[in-house]
Amino acid sequence: MRIPTRKKPEVLSPAGNLRGLKTAVDYGADAVYCGGKAFGMRSAPKNLSLEDFEEGSRYAHERGARVYVTCNVLPRNNEIEAMREYIGQLKDTGVDALIVSDIGVMMMARQVAPNLELHVSTQAGVTNYQAANAFYELGARRVVLAREMDLQAVRDIRANIPDDLDIECFVHGAMCMAFSGRCLFSNYLTGRDGNHGECAQPCRWKYSIVEEKRPGQYFPIEQTENGAYLFNSQDMNMLGHLDDLIDSGATSLKIEGRAKSAYYIAAMTNAYKTAVNEYMIQRGFEDADGNILLPFHDRVIRPSDPDYGQGTEDQVMRNADAAFAGVADEGYDRAVATSDAPEPDGMSSHARSTRRKSNTAVEQIETGWKHAAVRPAPHVELPEWLLEETDKVAHRDYSTGFYYPEHKVTQNTDRSAYFRSWLVVGEVLSWSADEGGRVTLMSRNKIEPGQQVEFLLPGERPLAYIVPEDGLRDADGTPVPAINNPAHVFSMPCPHQVPINAAIRSRTKKPTLKAE
């Protein structure tokens, strides 16, 4: 039995294999998206077999979560019939939705698997409500907006589409340098097709200039002595701004990372799920126990609302309009902007918002284009420990993507590596109340007496714990001075009950530039 669509914000987590799917569900994901062995946009993960989808769907449904399958490649002619057969196999596995980008595949899925929801991938490049409505008429029940959209664009789309058409937005993870992920760079340089899940990420490589008559002499493009990163985008992190995005009409909050580790999936799922719970409580939709107080609704003012367009525009919209009009800041006189006077600190007069000219005052039709605003509400305050969670996984420098025109994503010009200041040192295999409490674990990195570790707990603040001075044992029960053999079973005293599969992490002695 498939799980119906949620009536409140959905935390959508990635999974590259069956373990990742179960981890996401265990740590609170409302839905998990994953790829099969074919026709997905990520080929680096192992991905799931048809049997995995059956088991994963049962596991998720028993816990109230949903499973979405990516079929979002841009297929070639010789792949059409194979994709038709594959979709026919998927419909019987219990999954809830297919994520597609090609309109032909979408029509095929309606014929072959009419009971599956259709979600339109970000690769389709949905940037306006007309496109969203067109996909809705064709049978889509969700559109994943292009990552280039700012908050105002999200609101304008939400205000002009049916309420039962979901809007899915990225909230965390890697950003692609190409428009909505459609890129031929990898294909051109390496033969690995990014539109078939094989991207080599050459946009994050290091580049230098070579002058034609000076072969072998390399000149840095920017400030580094060994070259520069031309397209090396920052990672997205919207954890502290979820209220803005949910208020603006986002239905589903998507965490990027199907090639990431189970720990990454657990940590980021737990963080965003906790943040959404805080939102629901502080906005008055639920109490602290999760009981519903009011039906959830976003704060977007629709054209049918009496106060639509009545001067309720917000700072984000004004900043975006000012950027396009060549105004440095909201309070900056437009007359000054055209003079020789120096620009004040803030937005450059040459900055441009991500919205098109047709949205500006001078080029709109006479009847007037009115941006959808949101009804004001206090900012949702998240605890400090929660905001720190995003720094406890490997990541590039963070940004808020394109959501805020005055604070757009930029590129890293000093490194393309991940920054990691925490690492996983073990994984809980079991916990026993014997001897005052004892945890058995699979080691990943060194654990020694006096070391402070954290247990990552579903739905809770992580448990900080100091490793005791004695009581460490190997799998045979023999006392050991420290846990220093990776992939071996050990145990140690722990009076706090901790769940199976919980990650044990610790701050690194020296930050490294490595992924998970």
Side-chain angles (χ1 to χ4, degrees), residues 5 10 12 14 31 33-36 38-43 68-77 79-80 83-84 86-87 90 95-113 116-150 153-154 156-158 160-162 164-171 173-187 193-199 236 249-256 258 354-356 401-403:
T5 303
E10 172 189 87
L12 177 57
Y33 68 100
C34 37
F39 304 118
M41 286 292 285
R42 292 291 183 275
S43 63
Y68 310 147
V69 182
T70 58
C71 293
N72 55 343
V73 299
L74 304 177
R76 303 184 182 94
N77 289 315
E79 296 173 310
I80 296 300
M83 178 168 272
R84 185 187 303 275
Y86 180 60
I87 292 175
L90 282 173
V95 299
D96 299 277
L98 299 179
I99 305 170
V100 301
S101 58
D102 183 89
I103 193 169
V105 174
M106 184 176 177
M107 296 296 97
M108 177 196 298
R110 287 191 63 182
Q111 297 169 356
V112 176
L116 294 184
E117 280 187 18
L118 294 177
H119 299 176
V120 179
S121 170
T122 188
Q123 271 76 30
V126 175
T127 61
N128 60 77
Y129 64 84
Q130 181 67 34
N133 283 325
F135 280 118
Y136 181 77
E137 292 297 325
L138 292 174
R141 286 301 172 261
R142 175 176 297 190
V143 288
V144 187
L145 297 188
R147 301 192 203 191
E148 295 79 31
M149 298 294 91
D150 62 20
V154 178
D156 290 339
I157 292 173
R158 177 77 277 169
N160 291 280
I161 63 175
D164 63 340
L165 178 58
D166 288 352
I167 290 178
E168 184 178 305
C169 294
F170 283 89
V171 294
M175 299 274 293
C176 184
M177 50 76 66
F179 175 78
S180 296
R182 291 200 179 196
C183 183
L184 297 176
F185 200 13
S186 175
N187 205 341
D193 192 345
N195 293 316
H196 276 67
E198 299 173 350
C199 183
M236 180 187 287
T251 311
S252 179
L253 311 172
K254 186 172 194 172
I255 301 169
E256 187 276 338
R258 278 191 284 142
T354 55
R355 290 179 291 130
R356 300 293 182 260
F402 293 92
Y403 287 119

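This one's a predicted model, so the numbers in the text were calculated from it and none came from an experiment. Just the heavy atoms: all of them, side chains too, but no hydrogens, waters or symmetry mates, feed the values below.
Within the 4.5 Å cutoff, the side chain of Arg158 has no heavy atoms near those of the Tyr129 side chain. Side chains of Val154 and Leu145 form a contact here, defined as non-hydrogen atoms less than 4.5 Å apart. Side-chain contact between Met108 and Ile80 is present, with heavy atoms from C-beta onward closer than 4.5 Å. Side-chain contact between Pro162 and Asn133 is present, with heavy atoms from C-beta onward closer than 4.5 Å. Side chains of Val95 and Tyr68 form no contact here, defined as non-hydrogen atoms less than 4.5 Å apart. Between Leu253 and Cys169, the closest side-chain pair of non-hydrogen atoms is not below 4.5 Å. Val112 places a side-chain heavy atom less than 4.5 Å from the side chain of Arg84. Contact of the Met236 side chain with the Tyr403 side chain is registered, since non-hydrogen atoms from C-beta on lie closer than 4.5 Å.
Side-chain atoms of Thr251 come within 3.5 Å of backbone atoms of Ile167 as a donor-acceptor pair (strictly under, hydrogens ignored).
Electrostatic pairing of Glu117 and Arg141 does not count as a salt bridge here, judged by no charged N lying under 4.0 Å from a carboxylate O.
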Please assess Val126 against Val120 for the test side-chain contact (heavy atoms from CB on, under 4.5 Å), listing each intermediate value before the final yes or no.
-> CA-CA 8 Å; Val126 175; Val120 179; 4.3 Å; yes

Trace of the side-chain contact (heavy atoms from CB on, under 4.5 Å) decision for Met106 with Leu98 = CA-CA 9 Å; Met106 184 176 177; Leu98 299 179; over 6 Å; no

Please test Phe170 against Glu256 for side-chain contact (heavy atoms from CB on, under 4.5 Å), starting from the C-alpha separation and ending with a verdict.
-> CA-CA 7 Å; Phe170 283 89; Glu256 187 276 338; 4.3 Å; yes

Assess whether side-chain contact (heavy atoms from CB on, under 4.5 Å) is satisfied between Val171 and Lys254, documenting all intermediate values.
-> CA-CA 6 Å; Val171 294; Lys254 186 172 194 172; 5.6 Å; no

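If you run side-chain contact (heavy atoms from CB on, under 4.5 Å) between Ser121 and each of Ile99, Val105, Asp102, only Ile99 comes through.
Between the side chains of Ser252 and Glu10, a donor-acceptor pair is found at a separation under 3.5 Å.
The nearest pair of heavy atoms linking Met107 to Leu138 is CE-O, 3.5 Å. Between Ala109 and Leu118, the closest heavy-atom pair is CB-CD2, 3.6 Å. The minimum heavy-atom distance between Gly36 and Val69, with the atom names listed, is N-CG1, 4.4 Å. Of all non-hydrogen atoms in Leu165 and Arg142, the two that sit nearest each other are CD1-N, 3.5 Å. The two residues Gln123 and Ser101 come nearest to each other via the heavy atoms CB-CB, 3.7 Å.
Remark: Asn72 CG to His119 NE2 distance equals 12.5 Å, nearest 0.5 Å. To the nearest 0.5 Å, the span separating CD1 on Ile161 from CZ on Phe135 amounts to 12.5 Å.
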